Protein chains: 2
Amino acid sequence: MPDEINAEVIVVDDDPSVQRALNRLLMTNGFARRIFGSAKEFLSDDKPSPAAGCLVLDVEMPGLDGLELQAELQKRGFRLPIVFITGHGTVPISVEAMKQGALDFLQKPFDSRSLLDVIRKAIEQSRQRSSEERECRDLELKFLTLSTREREVFRLIVKGLLNKQIAFELGIVEKTVKVHRARVMEKMQANSLAELIRMAETLRLPPCSSAIFASPTRAGRNQI
Amino acid sequence: MPDEINAEVIVVDDDPSVQRALNRLLMTNGFARRIFGSAKEFLSDDKPSPAAGCLVLDVEMPGLDGLELQAELQKRGFRLPIVFITGHGTVPISVEAMKQGALDFLQKPFDSRSLLDVIRKAIEQSRQRSSEERECRDLELKFLTLSTREREVFRLIVKGLLNKQIAFELGIVEKTVKVHRARVMEKMQANSLAELIRMAETLRLPPCSSAIFASPTRAGRNQI
DNA sequence: TCCCCCATTGGACCAAGGTCCAATTGCCTT
DNA sequence: AAGGCAATTGGACCTTGGTCCAATGGGGGA
């Protein structure tokens, strides 16, 4: 019963016996898995990271330890939920790991049930997050097809201005605003103003930030 | 230098010497504070909880311990950030506390600097959250002044429907929809459709949930 | 019972948004 | 140099949204 389709559990632990045990446990429970003996080994792996899944990290490892690996991954924008396992964890270490966003921190010995439960939870969470991220990326792609002018108009529409006010703001005629506006709706594939505004929210370009509106070198040349 | 105006630090610890030490530490650093010897004592206190501030909870206490108190407060909707301090904490306990949303978990002995830093951070966080909550409550109050019909129209507007479609949906004439719509804008004090839609987002009544639209027993009589 | 408020509708009218067709200017790439 | 696209504007026309004034029916509270 492969209840975890498309998801992959990535294990990083330097202890071969733990590797074997986890491998068997995950295998018999139908999880796709990838096992590494060190942070370095994992970081230099060039297979693309799975869309859904989770990391199971040992805390104590030669080279980069589990928490350092967590920090490094955070820096790189790697987003899978992390579950720590440890033989000699301390309170400060576990607290630090949790503050940095770890999903759980298990001390050996733990029963495999607990670990599997946590892993399932992690995978579900990663699924949810990845679908949100995909949605957001889709929006961003559409946003990128907008020309400079269209982005400005977009911003002012979301701000709640009337076409007339937008025209004044930009020093152009209302007629032109209408043209841009129509194109914004079309390119963003918005069926209503309400939808367009929610898109802006999702893109986190609420009525202020103009930084994101950084435009292509010049207008144009920016479809895809 | 009372740098923590309006904020209050609530301490719950059964050890009198800790109470005294924390009291002095907080006092000399200009924090308003309230100190309790047990969870029970704190829970039965009838002074209103401060808008901003934080809780400093001892983990080991007779009666309800720190974590149980945390759970109880969560159940009651009490929302101040929690910082745990403990003499004999274990990894599982600290992890559980963090999973339940604690801001930090300090093991004695800790230097007072650390605690003060955490407390300041907690207070800032509580400030931010409380201002968000107030904003949300203000919106809810306005929403409550809407009549049943107005709420339905509100929902359909946010869904992106045209007046005509809303009219069809509700089995009334477009003219009537306009009236309701105008009243919605007025009562919600929205200056533009964009604003109204953002309000709906904040109220978390995105284009689906009709549960929240539970109306007054009958239409009317529902201003304030 | 009387009044208030909600819900509803009508008509008139203006403002704003959307669409279709058409055209000009300026920059960048080919 | 030529073509392409962005940016701009014009005009005509229709659809929507918003506002003002006015009116009716119904239910609940004072």
Side-chain angles (χ1 to χ4, degrees), chain A residues 142-197 199-200 213-224, chain B residues 142-197 199-200 213-224:
Chain A
K142 291 180 197 166
F143 184 77
L144 287 177
T145 69
L146 298 183
S147 70
T148 309
R149 212 34 150 186
E150 285 157 359
R151 291 177 197 192
E152 295 178 275
V153 172
F154 187 8
R155 183 172 61 89
L156 296 173
I157 289 175
V158 167
K159 203 170 158 186
L161 299 193
L162 300 179
N163 284 346
K164 187 183 293 186
Q165 300 171 307
I166 296 175
F168 176 77
E169 198 74 28
L170 298 179
I172 58 180
V173 172
E174 185 181 348
K175 186 58 196 28
T176 311
V177 174
K178 289 186 181 183
V179 176
H180 293 315
R181 183 176 187 136
R183 230 184 292 277
V184 168
M185 294 293 287
E186 183 194 339
K187 287 187 178 177
M188 296 302 291
Q189 300 175 278
N191 296 310
S192 65
L193 180 56
E195 235 181 280
L196 188 72
I197 291 170
M199 288 179 182
F213 285 88
S215 52
T217 316
R218 224 202 88 282
R221 276 335 85 73
N222 52 349
Q223 16 349 147
I224 296 184
Chain B
K142 291 179 196 165
F143 184 77
L144 286 177
T145 69
L146 298 184
S147 69
T148 308
R149 212 34 148 188
E150 285 157 0
R151 292 177 197 192
E152 294 179 275
V153 171
F154 187 8
R155 182 171 61 89
L156 297 173
I157 289 174
V158 168
K159 202 169 160 188
L161 299 192
L162 301 179
N163 283 346
K164 187 184 292 187
Q165 300 171 306
I166 295 175
F168 177 78
E169 198 73 29
L170 298 179
I172 57 180
V173 173
E174 185 181 347
K175 185 58 195 30
T176 312
V177 174
K178 289 187 181 181
V179 176
H180 292 314
R181 183 175 188 138
R183 229 184 293 276
V184 168
M185 293 293 288
E186 183 194 339
K187 288 188 178 177
M188 295 302 292
Q189 299 175 278
N191 296 310
S192 66
L193 180 55
E195 235 180 279
L196 188 71
I197 290 171
M199 288 179 183
F213 284 87
S215 53
T217 318
R218 225 202 85 278
R221 279 330 91 67
N222 51 348
Q223 19 348 148
I224 297 182

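Throughout, protein chains are lettered first and strands after them, A, B, ... in sequence-line order, and every chain is numbered starting at 1. Keep in mind the model is a prediction, meaning the values are calculated, not measured.
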Mind calculating the distance between CG (B/L146) and C1' (C/dC6) to the nearest angstrom?
13 Å
Interatomic distance, A/T148 atom OG1 to A/H180 atom NE2 [nearest 0.5 angstrom]
10.0 Å
Find the bend of the helix from C/dT1-D/dA30 to C/dT30-D/dA1 as the angle between its two terminal axes (five pairs each), to the nearest 10°.
40°
Please determine whether a side-chain nitrogen of the Lys or Arg among B/R155 and B/E152 lies less than 4.0 Å from a carboxylate oxygen of the Asp or Glu.
no
Do the side chains of B/L156 and B/L170 get nearer than 4.5 Å, heavy atoms only?
yes
Listed once per pair and sorted, the side-chain hydrogen bond (donor to acceptor under 3.5 Å, both in side chains) pairs that draw on residues 161-171 of chain B, sequence neighbours left out:
B/N163-B/R181
Out of D/dA7, D/dT9, D/dA6, whichever nucleotide has its closest atom nearest the side chain of A/V173:
D/dT9
Calculate, to the nearest 0.5 Å, the distance between atoms CD and CZ belonging to B/E150 and B/F143 respectively.
10.5 Å
Tell me, do A/M188 and A/L146 make a side-chain contact under 4.5 Å, heavy atoms counted?
yes
Using a cutoff of under 3.5 Å, can you pull out all pairs of nitrogen or oxygen atoms linking the protein to nucleotides 13-18 of chain C, with atom names and distances?
| unit_1 | atom_1 | unit_2 | atom_2 | d |
| --- | --- | --- | --- | --- |
| C/dA16 | OP2 | A/K164 | NZ | 2.8 |
| C/dG17 | OP1 | A/N163 | N | 3.4 |
| C/dG17 | OP2 | A/N163 | N | 3.1 |
| C/dG17 | OP2 | A/N163 | ND2 | 3.1 |
| C/dG17 | N7 | A/K178 | NZ | 3.1 |
| C/dG18 | OP2 | A/R181 | NE | 2.9 |
| C/dG18 | N7 | A/K178 | NZ | 3.2 |
| C/dG18 | O6 | A/K178 | NZ | 3.1 |

Does the B/R149 side chain pair with the main chain of B/V177, one donor and one acceptor, at a distance under 3.5 Å?
no
Separation of C/dA7 C1' from B/I166 CD1 (nearest whole Å)
16 Å
Separation of D/dT16 C1' from B/F168 CZ (nearest whole Å):
19 Å
B/H180 side chain near C/dT8 phosphate (N/O to OP1/OP2, under 4.0 Å)
yes
Which residues share a side chain to side chain contact (heavy atoms under 4.5 Å, CB included) with B/A190, sequence neighbours left out:
B/M185, B/E195, B/L196, B/M199
Could you state the atom-to-atom distance from CG of B/L170 to P of C/dC6 in whole Å?
18 Å
Below 4.0 Å: OP1/OP2 of C/dT9 and any side-chain N or O of B/T176
yes
Note, A/R151 side chain near A/L144 side chain (heavy atom, < 4.5 Å):
yes
To the nearest Å, give me how far apart CZ (A/F154) and P (D/dA6) are.
18 Å
Under 4.0 Å from OP1 or OP2 of D/dT8: is there any side-chain N or O of A/R149 that close?
yes
